[in-house]
Number of protein chains: 2
Amino acid sequence: MAKSPSRTPVWKSITITLTDDIAQGRYDTGTKLPAEAQLAERFGVNRHTVRRALADMAQQGLVHARRGAGVFVAAKPTDYPVGKRIRFHQNIRRAGRAPSKKVLRLEVLAADGREADALDLEPGAPVVVYEGLSYADDHPVALARTVFPADRLPGIMEALEAHESITAALKACGVEDYTRRETRITAKLATATQALHLRTSEGAPILRTTGISDDLQGVPIEFGRTWFAGDRVTLTVGDD
Amino acid sequence: MAKSPSRTPVWKSITITLTDDIAQGRYDTGTKLPAEAQLAERFGVNRHTVRRALADMAQQGLVHARRGAGVFVAAKPTDYPVGKRIRFHQNIRRAGRAPSKKVLRLEVLAADGREADALDLEPGAPVVVYEGLSYADDHPVALARTVFPADRLPGIMEALEAHESITAALKACGVEDYTRRETRITAKLATATQALHLRTSEGAPILRTTGISDDLQGVPIEFGRTWFAGDRVTLTVGDD
DNA sequence: ATGTAGTATTTGTCTAGTTGTATAGGACAT
DNA sequence: ATGTCCTATACAACTAGACAAATACTACAT
């Protein structure tokens, strides 16, 4: 007897294959996928199993089904440029999609060791902790936890609440421009809460970026981590 | 049977009985056995005891179970010649069996790098992707994924749909003859979907051939991979 | 050309049946 | 004591078939 029968459900492997087909551009945005019955033939499974896979993809916002018409590709995995100038709203808009954000947490705390180190502060200095979700076309793309030096950016808390983008909030605090000093990227597995926010499953692959941004004088003004749903986002590095 | 302590386990006697039933032709190859629950009732044992017997028979390659569908009597081994002239229908017919094929997928897509390289095309040029199952006496023998250059073979898509064999379809597109430039053979483990198509189990050994065919002028007209159920197919090389 | 009716196609939903897996426990031989 | 054989129960994963509902397509009358 073979040792491991079906460790991964069949429907999941179908999800992976179809998601890859879309990511590779074999099915473009807006085009119709083959009918469920045809996909069932192609994969050698019952139609219901294909439906299970498509339902999973629909929940992630990758496809959208219309009864009687077909299943259509809703969105290609988002290309997200990582470089010196990271501006979420600009990036998403450039991809022809509607950016928005939701504040999950906003409070003033004392900086811990690593935060103080990254932001060049005394340990225990007040920092504004922002946690939020970023959306593209109402689909969650990124979960971010960002720390700002409170004393260096008076009014940042109110600005973050009022303005739609972080760039706009920083500008309201007198930061005309800012650039990324460095960005580190690693792969993680989604925790339960991360999965909930990013509308993926616990244990799904996650891209985590860690970065520090400076203002034009080279003074650090932001230290944060961002988590991306790995199967829906492609980080691109290089051209900037 | 009084209270004599049976030296042979119950499950083994079930194996013997069922194996004999198959050998006697009471269950033909490809047909479904009664459900495990019914067999359990017939033998007056628990379902798990029947499963133990069926697992033993499955390991011997006598039967094959499909979750949700049933347990089926496995097909007999097939010899499959590999050489310069590979013609599935001819090969199968020569073995005294009835060939047929089923189209699983037929789409026009953009060629990826390897496909373009193999077919001597520009990357992104249109290719017809064909995926199909080949049968001998209604038993799946091979799972094929073949890529044809769309521009070089006008009408190939309709021809593949209409004609019973690939050779016939190519002839309809003006390809009188074609030969294998090279064939590579490796062993793989069956993925879930491959196993479903070939009626074997995930993780079972699979023979994979990769090949390119040229027309009489030496122009590549086909690049494809074919998967065979390793325990049911013997590839033969040499005489041609 | 245009609207309409009919047909075929496609997704949504439901019910039922089958195998795969996990857990728990009793009987029995070595 | 330990492992094998068998029973019992429950649930997950998948198949199978049928029908409803929404849409797309085609032929036809005007």
Side-chain angles (χ1 to χ4, degrees), chain A residues 1-16 18 27 30-59 62-74 201, chain B residues 1-18 27 30-59 62-74 140 190-204:
Chain A
M1 223 159 316
K3 49 174 189 275
S4 92
S6 52
R7 200 186 76 265
T8 60
V10 176
W11 66 264
K12 206 159 219 169
S13 70
I14 294 177
T15 298
I16 292 170
L18 287 178
Y27 298 115
T31 58
K32 187 165 104 66
L33 291 183
E36 292 172 350
Q38 291 176 41
L39 289 175
E41 281 237 313
R42 168 180 162 192
F43 292 109
V45 299
N46 190 271
R47 198 183 125 221
H48 290 306
T49 309
V50 170
R51 283 181 63 73
R52 178 77 168 83
L54 290 175
D56 198 54
M57 296 170 70
Q59 209 212 337
L62 251 112
V63 297
H64 173 249
R66 278 171 51 214
R67 179 192 297 208
V71 180
F72 299 84
V73 179
S201 356
Chain B
M1 335 295 181
K3 57 227 166 185
S4 61
S6 52
R7 207 124 197 98
T8 60
V10 177
W11 65 265
K12 207 157 216 169
S13 69
I14 295 178
T15 298
I16 293 170
T17 305
L18 286 178
Y27 300 117
T31 60
K32 184 164 111 61
L33 292 183
E36 289 172 352
Q38 291 176 39
L39 288 175
E41 205 170 341
R42 165 179 162 192
F43 293 108
V45 298
N46 189 272
R47 201 187 111 199
H48 287 302
T49 309
V50 171
R51 281 181 64 72
R52 171 106 197 228
L54 290 174
D56 197 52
M57 296 169 71
Q59 205 198 354
L62 261 145
V63 296
H64 173 251
R66 278 171 56 210
R67 177 188 296 207
V71 180
F72 298 83
V73 181
T191 66
T193 48
Q194 287 169 351
L196 285 166
H197 279 130
L198 292 174
R199 298 282 187 263
T200 181
S201 330
E202 181 179 1

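Lettering of chains follows the sequences in order, A, B, ..., and the numbering in each one begins at 1. None of the values given here were measured: they were computed from a predicted structure.
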Report each atom pair, protein N/O against N/O of nucleotides 8-14 of chain C, whose distance is under 3.5 angstrom.
unit_1	atom_1	unit_2	atom_2	d
C:dT10	O2	A:Gly68	N	3.4
C:dT11	OP2	A:Glu36	N	2.9
C:dT11	O4'	A:Gly68	N	3.3
C:dG12	OP2	A:Arg51	NH1	2.9
C:dG12	O4'	A:Arg67	NE	3.4
C:dG12	O4'	A:Arg67	NH2	3.3
C:dG12	N7	A:Arg47	NH2	2.7
C:dG12	O6	A:Arg47	NH1	3.3
C:dC14	N4	A:His48	NE2	3.0

Without decimals, in angstroms, what is the distance between [X] [atom1] and [N] [atom2]?
{"X": "B:Arg52", "N": "C:dT21", "atom1": "CZ", "atom2": "C1'", "answer": "16 Å"}
{"X": "B:Lys12", "N": "D:dC6", "atom1": "NZ", "atom2": "P", "answer": "11 Å"}
{"X": "B:Glu41", "N": "C:dG17", "atom1": "CD", "atom2": "P", "answer": "14 Å"}
{"X": "B:Phe72", "N": "D:dA16", "atom1": "CZ", "atom2": "C1'", "answer": "11 Å"}

query: Could you state the interatomic distance from OG1 (B:Thr49) to CG (B:Leu39), rounded to the nearest 0.5 Å?
result: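 The OG1 atom of B:Thr49 sits 12.0 Å away from the CG atom of B:Leu39.
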message: I need the B:Asp56 CG to B:Ile14 CD1 distance, nearest 0.5 Å.
response: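 One gets 11.5 Å once the value is rounded to the nearest 0.5 Å.
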query: So among A:Arg47, A:Arg52, A:Arg67, which one has a salt bridge (charged side-chain N to carboxylate O under 4.0 Å, His left out) with A:Glu36?
result: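 Checked A:Arg47, A:Arg52, A:Arg67 against A:Glu36; only one passes salt bridge (charged side-chain N to carboxylate O under 4.0 Å, His left out): A:Arg47.
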- prompt: Would you find more than 12 non-hydrogen atoms of other residues, nucleotides or ligands less than 6.0 Å from B:Lys12 atom NZ?
  reply: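 Not buried by this count: 12 neighbours or fewer within 6.0 Å.
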Would you say the side chain of [Y] lies within less than 4.5 Å of the side chain of [X], judging by non-hydrogen atoms?
{"X": "A:Leu54", "Y": "A:Thr15", "result": "no"}
{"X": "B:Lys32", "Y": "B:Val71", "result": "no"}
{"X": "A:Val45", "Y": "A:Trp11", "result": "no"}

Restricting to nitrogen or oxygen on both sides, can you table the protein-nucleotides 24-27 of chain C pairs closer than 3.5 Å?
none

